[in-house]
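Just below is one structure, and these are the notes that go with it.
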Protein chains: 2
Amino acid sequence: MVAQEARTVTLFDVATEAGVSLATASRALNGSARRVREDLRLRVLEAAAALNYSPNAAAQVVARGRSNLVGLLVHEIADPYFSAIASGVMGAAEKSGLLVTVASTGRDADREAVHIAAFRGQRARAVILAGSRLDDTVSLERLGQELVAFEGTGGRVVMISQSKLPVDTVVVENHAGARNLAETLVGLGYRRFAVLAGPPGLLTARDRLAGFRAGLAGADIHGDSVDVVRGGFDREGGYSAMNQLLDRGTEARCLFAVNDVMAMGAIAAMRERGLEVPRDMAMAGFGDFSMLRDITPTLTTVTLPLEDIGASALDLVFLERADKPRSRRIRGEVVVRASTPQR
Amino acid sequence: MVAQEARTVTLFDVATEAGVSLATASRALNGSARRVREDLRLRVLEAAAALNYSPNAAAQVVARGRSNLVGLLVHEIADPYFSAIASGVMGAAEKSGLLVTVASTGRDADREAVHIAAFRGQRARAVILAGSRLDDTVSLERLGQELVAFEGTGGRVVMISQSKLPVDTVVVENHAGARNLAETLVGLGYRRFAVLAGPPGLLTARDRLAGFRAGLAGADIHGDSVDVVRGGFDREGGYSAMNQLLDRGTEARCLFAVNDVMAMGAIAAMRERGLEVPRDMAMAGFGDFSMLRDITPTLTTVTLPLEDIGASALDLVFLERADKPRSRRIRGEVVVRASTPQR
DNA sequence: CTGGACGCGGAAAGCCTATTCCATTTCGCC
DNA sequence: GGCGAAATGGAATAGGCTTTCCGCGTCCAG
């Protein structure tokens, strides 16, 4: 028995096996503009199948000058908000024959830049940035440069959240959603509010707070009567902000947490003190991830069609780059549940 | 003004700019075995920075014959179980300078095969298969062939869940965990059990059921006194299985759902009928995703260190392929919470 | 019957990088 | 100072594929 060198089979092998040239084999396999006579085409296909040929994608990328990879940058893939978006992106990508490479940045602008550079190296077809930007001109500038470099390789850039850079964007209407929520809550009879507002620089958090305030203002409820507490944009942030609020005391009868997981943290903080939602405090969140309908009490929130958002982002990838960046606006919908009963 | 063709900058440009040869530039940039004189090295680095050079990863892959991509196959990225594992894999990958490409299979064996073929085309360094196998010899066989072909390109294969194929595996000790859980529940005073058991063919579900039964058998509680209902391995499955169980009536005082999201579905089904956990029925789950501590009541379960599982899988990627597949065993830990009070 | 248009296979160039193989320089040591 | 060994720069090649360009055969119109 001869020791077999496990060489991988190349297009050359397929061509030889089929008795045609490399060029013909290539054309037969990926149906180029040029046509190949039917019998040859079949011979090539058969040969490829017989040899279990799998084209070397890297070589194709080198030859074509572009890949079919899409880079998806999220803050944290384990966060249900991002994993739902990722699911939408990946579902749409599969339909379009694209592969999705995901990277978590942990909200770190530097790692973001590193990953974009890596995607540039991959000659990725596009990069999708999911997640809120910070209100930080320096890092925004830096990101912009990185993205320009990326576009220089022919790739597309799509952002999800705010339209702060001149790239196509799926804009989440945080302001409008929060305003509607405020109006709804006022309609339910609430007058005194507290807000767990997230970190100061985070645009998403800021927009939601501003929208909520705008909604209250429409009902003549003004800023000074609203208790605002800052905190991280995650469960822990909600938990500690709520503790802060409870420690210092509040007259609010209804709490708005600018993100659902913060609301969950807040509920946990209340429970530890023997307080109950909505008996001791009504509560509303924002962002709706599916698990929310299973917590007790079910939580009033503004639902966002996260998977659609991801899919929309991938749609934008296929548009030609234009001078004027386009945006798709996604509106959330207020859903009233048990946590905010009529007063 | 001259129309600028936006050609991407290549290694050749860097070499020219630095006044050295291509070979030297290459060696300077990725520190090969060969050394480059310090001043030249610095010149190259400067030139690269000045031109904002980013190596063409695809060309590197072609030249080196292997990539730094890791393919991760999950059933559904939006499922917290898988997104937590993905988070672990991605965190570890980043430390090792690897990129992670994720694909969702939706438990479809064909799509699984398609994706593995795609990863083979990418010359991925490794593919990690997360998620339970089905007890289906045909598709298992098919998968095995696909994986052999993948390994033929020099890639590594790591599975997470059961060790059913001759590849390195992170084995989740479902049987032992469920047995411990059963023993714990018996210790709390429960004697009559029902199980929401998941689909018949799914190995993970099967192992947990078998382990649970084994634990009960140790306490002389035998099969015929346990109500077993089949259902999907997700929230909907738990919901409908629970409805089935309640429709036909049961004497069980404690329910074991073989997976946490099924337990959540079951709780929802009970709530719709005005039933409460644990008053009307105690309940335990399996798999612990972090949100669980925030539902009411907090749920007894077997926690799995999902992020560690992902990280372990990536560890295995770096081991040399060996004749005997290795396995890392991961044991869950029983956590008793409010849903199963002492009786 | 002839000439041009068209269809199609094949040779070869090109994509970008890593690495081998020479050629030259540098260095250590007697 | 001279010699061999070690270090190091550079030309050329490899790697797998796509695509351009060339040339030949076929078909149809005149």
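Lettering of chains follows the sequences in order, A, B, ..., and the numbering in each one begins at 1. Just the heavy atoms: all of them, side chains too, but no hydrogens, waters or symmetry mates, feed the values below.
Among the nucleotides dT19(D), dT17(C), dC8(C), the one closest to any side-chain atom of A23(A) is dT19(D). Closest to the side chain of T10(B), from the set dA12(C), dT17(C), dG9(D), is dT17(C). When the nucleotides dG10(C), dT18(D), dT19(C) are ranked by their closest atom to the side chain of L22(A), dT18(D) comes out on top.
For the pair L45(A) and L29(A), the minimum side-chain heavy-atom distance is below 4.5 Å.
Close to dA18(C), at under 4.0 Å from its OP1 or OP2, lies a side-chain N or O of R64(B). Residue S21(A) places none of its side-chain N or O atoms closer than 4.0 Å to OP1 or OP2 of dA11(C). Considering only side-chain N and O atoms, N30(B) lies under 4.0 angstrom from the phosphate OP1 or OP2 of dA18(C). Note on N56(B): every side-chain N or O is 4.0 Å or more away from OP1 and OP2 of dC15(C). At the phosphate of dC17(D), OP1 or OP2 sits under 4.0 Å from a side-chain N or O atom of Y53(A). Contact between the side-chain N/O atoms of S26(B) and the OP1/OP2 oxygens of dT17(C) is not found at any separation under 4.0 Å. Put simply, Q60(B) has no side-chain N or O that comes within less than 4.0 Å of OP1 or OP2 on dT17(C).
For the pair N68(A) CG and dC17(D) C1', the computed distance is 14 Å after rounding to whole Å. Here dG15(D) presents its P atom at 17 Å from CZ of R66(B), a figure rounded to the nearest Å. Taking atom CZ of residue R41(B) and atom C1' of nucleotide dG10(D), one finds them 19 Å apart after rounding to whole Å. When the C1' atom of dG7(C) is taken as reference, atom CZ of R35(A) falls 9 Å away, rounded to whole Å. When rounded to the nearest whole Å, the span between CZ of F12(A) and P of dG10(C) equals 13 Å. Residue Q122(B) contributes atom CD, which lies 14 Å from atom C1' of dG16(D) at whole-angstrom precision. The distance from atom CD of E38(A) to atom C1' of dG7(C) is 15 Å, rounded to the nearest whole Å. Atoms CG (D13(B)) and C1' (dT17(C)) sit 13 Å apart, rounded to a whole Å.
For R34(B) and dG9(D), a side-chain-to-base donor-acceptor distance below 3.5 Å is present, hydrogens and geometry of angles not being considered. Scanning atom types as modelled, one donor and one acceptor separated by under 3.5 angstrom connect the side chain of R27(B) and the base of dT20(C).
Heavy atoms of other residues, nucleotides or ligands lying less than 6.0 angstrom from CZ of F318(A) number more than 12. The number of heavy-atom neighbours closer than 6.0 Å to CZ of R66(A), taken from other residues, nucleotides and ligands shown, is 12 or below.
Scanning both residues, P55(B) and R123(A), for their nearest heavy atoms gives O-NH1, 4.4 Å.
The CD atom of Q122(A) sits 5.5 Å away from the CG atom of L69(B) when rounded to the nearest 0.5 Å. Between S21(B) atom OG and L40(B) atom CG the span is 9.0 Å, to the nearest 0.5 Å.
Taking the nucleotide of DNA chain D with the nearest heavy atom to each of R123(B) and L40(B), the more 5' of the two is matched to L40(B).
In this structure, V61(A) reaches neither bases nor backbone, as no heavy-atom distance under 4.0 Å exists between it and the strands shown.
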